[in-house]
Amino acid sequence: MIYFLNILRYNVCGDFMNNLILIKYGELTTKKANRNTFTKLLANNVKNILKGENFNIRFDRVRMYIECDNADVIVEKLQKVFGIHSIVICHKVNTNVEDIKAKVLELLNKEKFHTFKINTKRADKSFEIHSMAFNNIIGGHVLKNINCKVDVHNPDIEVKIEIRNEGTFIYTNEIKGIGGYPVGVQGKGMLMLSGGIDSPVAGYLSLKRGVDLECLYFESPPHTSLESKNKVIKLASIINEYSGNIKVNIVPFTKLQEAIYKNVPDSYVITIMRRMMYRIAERLSLKHKCKVIINGESIGQVASQTLTSMSVINSVTNFPVIRPVACMDKIEIIDISKKINTYETSILPYEDCCTIFLPTHPVINPDINKCILYESNFDYETLIDECINNIEVITNLKEEEYSEFL
Ligand code: ATP
Ligand code: MG
């Protein structure tokens, strides 16, 4: 085992790596029974997101350790991994007083603080200076060079020094992780992804709770354009930075949508269209082993999102439908979309199948019996089969490949 750990401390070139990144799991640690599954999945997700970087990873039930040289790049990527509560960059130096003094000063010179504390742990007992004495040596050096004071009880900044056999690790502040659960720990959900603001946020919030995603987009060419489709793929690729596994199912919706417009009174077209969307979402969820349907509906936002509308639409399926933004104000949803970088893409003015041919007076309290009656006017089952059989699946989401159309 010791041999194994020692091997891990070298990169492929055989050189020592200079940074050790320590990861704390946060919410995971409260789920005792599932902890092993969680930590293994988290480690896999971390490896996935760091693909192409040079690093070594080890983990136990409470911590994960990543050894690397380019800590800044690695930390930026780790800040998109759900399940990580906090990140600490440890700087490695040779175990000698001068090197340690220099590194501590270098780190503190980058910080703004008035009071500090040095906290040494001496795991390597062959190092002859005891921890307390060493705190004084390094603390004295800091006081000589920086205008500040020692406060051992409530310091602005604490410098931790760990003297180990393989070298000395020095670290200061914790960097906040994004929290949540590791993506995939809850299985998959089918996200109805439009080009709007709400559904990418709904997807992000689901990923945060450990639900990996498959996406579903209804397109109606020629009424909706290639730009609209590419906009959705780009949105999917942005939220895919938190997953790495997302696919987009593009459903050709034109024929079904035209049949709805031909056979259903104006005020009911949106209600019936959304009932069809739910039916298709359920079929696809079963096919791709998704446990729930997820969408960006928000109570009261539009006519199809009154509570009556939602229940009439929802009644075509027994599948659970999760609406992560149901109770948020638009402003709150927009704040999240800006934070996750989907906002600028979402506001591009390309049309969605829900926004073309909008009726002037969509019903806000639809009657389910009327829905059933209007649906009996045409053979929607065959049209739904056709939609399902002609789906285009986009895998390997790469933002840059689609941005040229936008
Ligand atoms: P968003 O809600 O994403 O901002 P929107 O407000 O234009 O877009 P709504 O008309 O409010 O969309 O639709 C509610 C939800 O229905 C969307 O959040 C999305 O989950 C789903 N949806 C709407 N249009 C489509 C579509 N073309 N493809 C897939 N899902 C869709
Ligand atoms: Mg909406």
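Just so you know, ligand 1 is whichever comes first in the structure, and atom 1 is the first atom listed for that ligand. Nothing here was measured: the structure is a model prediction, and the numbers come from that model. Along the sequence shown, the residues carry numbers beginning at 1.
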Side chain to side chain contact (heavy atoms under 4.5 Å, CB included) evaluation trace for Thr308 with Ile364: CA-CA 7 Å; Thr308 316; Ile364 49 173; over 6 Å; no
Verdict with reasoning, Ile250 to Lys229, per side chain to side chain contact (heavy atoms under 4.5 Å, CB included): CA-CA 8 Å; Ile250 314 271; Lys229 172 175 159 182; 4.1 Å; yes
From CA spacing to verdict: side chain to side chain contact (heavy atoms under 4.5 Å, CB included), Phe127, Phe134: CA-CA 10 Å; Phe127 185 67; Phe134 201 65; 3.7 Å; yes
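Considering only residues two or more places apart in sequence or on other chains, Tyr217 meets the ring-ring contact (aromatic ring centres under 6.0 Å, His included) condition with none of them.
Between Met277 and ligand 1, not a single N/O pair is under 3.5 Å apart. Considering backbone and side-chain atoms alike, Asn295 places every N or O at 3.5 Å or more from each N or O of ligand 1. Annotation: Met192 places an N or O atom under 3.5 Å from an N or O atom of ligand 1; distance criterion only. An N or O contact shorter than 3.5 Å links Phe218 to ligand 1 by distance. An N or O contact shorter than 3.5 Å links Gly296 to ligand 1 by distance.
In this pair, Tyr242 and Phe82 present their aromatic rings parallel. The plane angle is below 30°, not in the 30 to 60° band.
By the criterion of a heavy-atom distance under 4.0 Å, the backbone of Leu216, and not its side chain, is placed next to ligand 1. Contacts of Glu219 with ligand 1, taken as heavy-atom pairs under 4.0 Å, are absent altogether. Only backbone heavy atoms of Leu193 (N, CA, C or O) come within less than 4.0 Å of ligand 1; its side chain stays farther off.
When each atom of ligand 1 is checked for a heavy atom of Gln301 under 4.0 Å away, the hits are 6 (O), 11 (O). Of all atoms in ligand 1, listed by their number and element, those nearer than 4.0 Å to a heavy atom of Ile197 are 1 (P), 3 (O), 4 (O). Short contacts between ligand 1 and Tyr217, defined as distances under 4.0 Å to a heavy atom of the residue, involve ligand atoms 27 (N), 28 (N), 29 (C). Against a heavy-atom cut-off of under 4.0 Å, Gly196 is close to the following atoms of ligand 1: 1 (P), 3 (O), 4 (O), 8 (O).
Close to ligand 1: Gln305, with a non-hydrogen atom less than 4.0 angstrom away.
Checked by atom type, the side-chain pair Arg274/Asn295 shows no donor-acceptor distance below 3.5 Å. Checking Asn249 against Glu392 by side-chain atom types alone, no donor-acceptor pair falls below 3.5 Å.
A side chain to side chain donor-acceptor pair (under 3.5 Å) with Thr168 is found for one member of Asn96, Thr95, Thr120 and no other, namely Thr95.
We find the CG-OG1 distance between Asn240 and Thr395 to be 10.5 Å, quoted to the nearest 0.5 Å.
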